[in-house]
Amino acid sequence: MSQILRGCLRITNGSNNFFTNLNFGISTVTKEELIIARRFSSSDIKPVTREEIDKIIKNKKLVVFMKGVPEEPRCGFSNAVVQILRMHGVSSYDSYDVLKDEGIRKGIKEYSNWPTIPQVYIDGEFIGGCDIVVEMHKNGELVEKLQKAGIKSILVEPHENEGDKKKD
């Protein structure tokens with residue numbers, strides 16, 4: 001069964017019910033059009049598995065799952081995380097554009113049990129999203145996390161780094 005509803009096509013296929021932005025006008029929807037619309041159903045997209053995400057973040061110092069890429073963030077929250085990392089002088093890290101892979105987008109949310117993007121991982125540990133990273137930046141915890149992972153922050157005073165070297 002199919003019907004046009006507010007400019008979107010609503011398709012009912014057994015127990016699956018989904019909407020798509022494909023607008024076929026007022027005319028009757030053909031079987032071929034239903035097949036095309038079905039391909040765009042997000043219910044068909046399988047999240048990336050825990051094992052696959054473990055492979056992505058394991059043994060990496062810093063990984064950011066974001067909308068867009070660091071050179072061109074596609075949302076304000078992702079941009080805020082990128083800008084904070086830039087303030088710390090961190091330019092080398094792995095990033096994954098969740099807008100290009102719906103499987104990663106769904107999978108990372110299930111993996112972390114965190115509903116929003118961006119998501120930041122340091123040394124394989126989930127740190128949080130934009131709000132957490134901003135707070136950690138403000139209170140100095142981000143510098144500590146970065147240092148523990150072997151990532152130097154340019155926001156650390158030079159004498160602080162020298163003190164660390166003398167202890168070694």
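The structure displayed is predicted, hence computed values, not measured ones. Position 1 is the first residue of the sequence, and the numbers go up from there.
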Review point. Are Lys67 and Val98 close enough that some pair of their side-chain heavy atoms sits under 4.5 Å apart?
Key: yes

Check your understanding: Which atoms form the tightest heavy-atom contact between Pro73 and Val82, and what is the distance?
Key -> CG-CG2, 4.3 Å

Check your understanding: Same cluster or not: are Ile132 and Tyr111 linked, directly or through other Ile, Leu, Val, Met, Phe, Trp or Tyr residues, by side-chain heavy atoms under 4.5 angstrom apart?
Key -> yes

Exercise for review: With the side chain counted from C-beta on, respond yes when Leu142 and Leu155 share a heavy-atom pair under 4.5 Å apart, and no when they do not.
Suggested key: no

Review point. CG/Asp101 to OH/Tyr96 distance, rounded to the nearest 0.5 angstrom?
Key: 11.0 Å

Check your understanding: Looking at CG of Asn79 and CD of Glu72, how far apart are the two atoms once the value is rounded to the nearest 0.5 Å?
Key -> 11.0 Å

Review point. In Å, rounded to the nearest 0.5 Å, how long is the span from CE of Met66 to CG of Leu99?
Key: 9.0 Å

Check your understanding: If only atom types and distance count, is the side chain of Asn139 paired as donor or acceptor with the main-chain N or O of Glu141 below 3.5 Å?
Key -> yes

Practice item. Rounded to the nearest 0.5 Å, what's the gap from CD1 on Ile127 to NZ on Lys145? Could you check? Key: 4.5 Å

Review point. Looking at side-chain heavy atoms only, is the closest gap between Ile117 and Phe77 below 4.5 Å?
Key: no

Check your understanding: What about Val120 and Trp114, same hydrophobic cluster or not, with Ile/Leu/Val/Met/Phe/Trp/Tyr joined at side-chain heavy-atom distances under 4.5 Å?
Key -> yes

Exercise for review: Search all heavy atoms of Val64 against all heavy atoms of Pro118 and return the closest pair with its distance.
Suggested key: CG1-CB, 4.5 Å

Point to revise | Considering all heavy atoms, the nearest His88-Ser153 contact | key: ND1-OG, 2.7 Å

**Study point:** Joint hydrophobic cluster, Leu62 plus Val134, side-chain heavy atoms closer than 4.5 Å
**Key:** yes

Revision key, fill the gap. Here the gap from Ile57 atom CD1 to Ile122 atom CD1, rounded to the nearest 0.5 Å, amounts to 12.0 Å

**Study point:** Phe126 side chain near Gln119 side chain, heavy-atom distance below 4.5 Å
**Key:** yes

Point to revise | Trace of the side chain to side chain contact (heavy atoms under 4.5 Å, CB included) decision for Gln83 with Arg86 | key: CA-CA 5 Å; Gln83 294 307 318; Arg86 283 185 184 150; 2.9 Å; yes

Exercise for review: Starting at NZ of Lys109, measure out to OG1 of Thr116 and round the result to the nearest 0.5 Å.
Suggested key: 7.5 Å

Practice item. Identify whether Ile56 and Ile151 are in the same connected component of the hydrophobic contact network (ILVMFWY, side-chain heavy atoms under 4.5 Å). Key: yes

Check your understanding: Would you say Ser112's side chain and Ile108's backbone share a donor-acceptor pair under 3.5 angstrom?
Key -> yes

Point to revise | Same cluster (ILVMFWY, side-chain, under 4.5 Å), Val90 and Ile84 | key: yes

Point to revise | Nearest atoms (heavy-atom pairs only) where Lys60 meets Lys55 | key: NZ-O, 4.3 Å

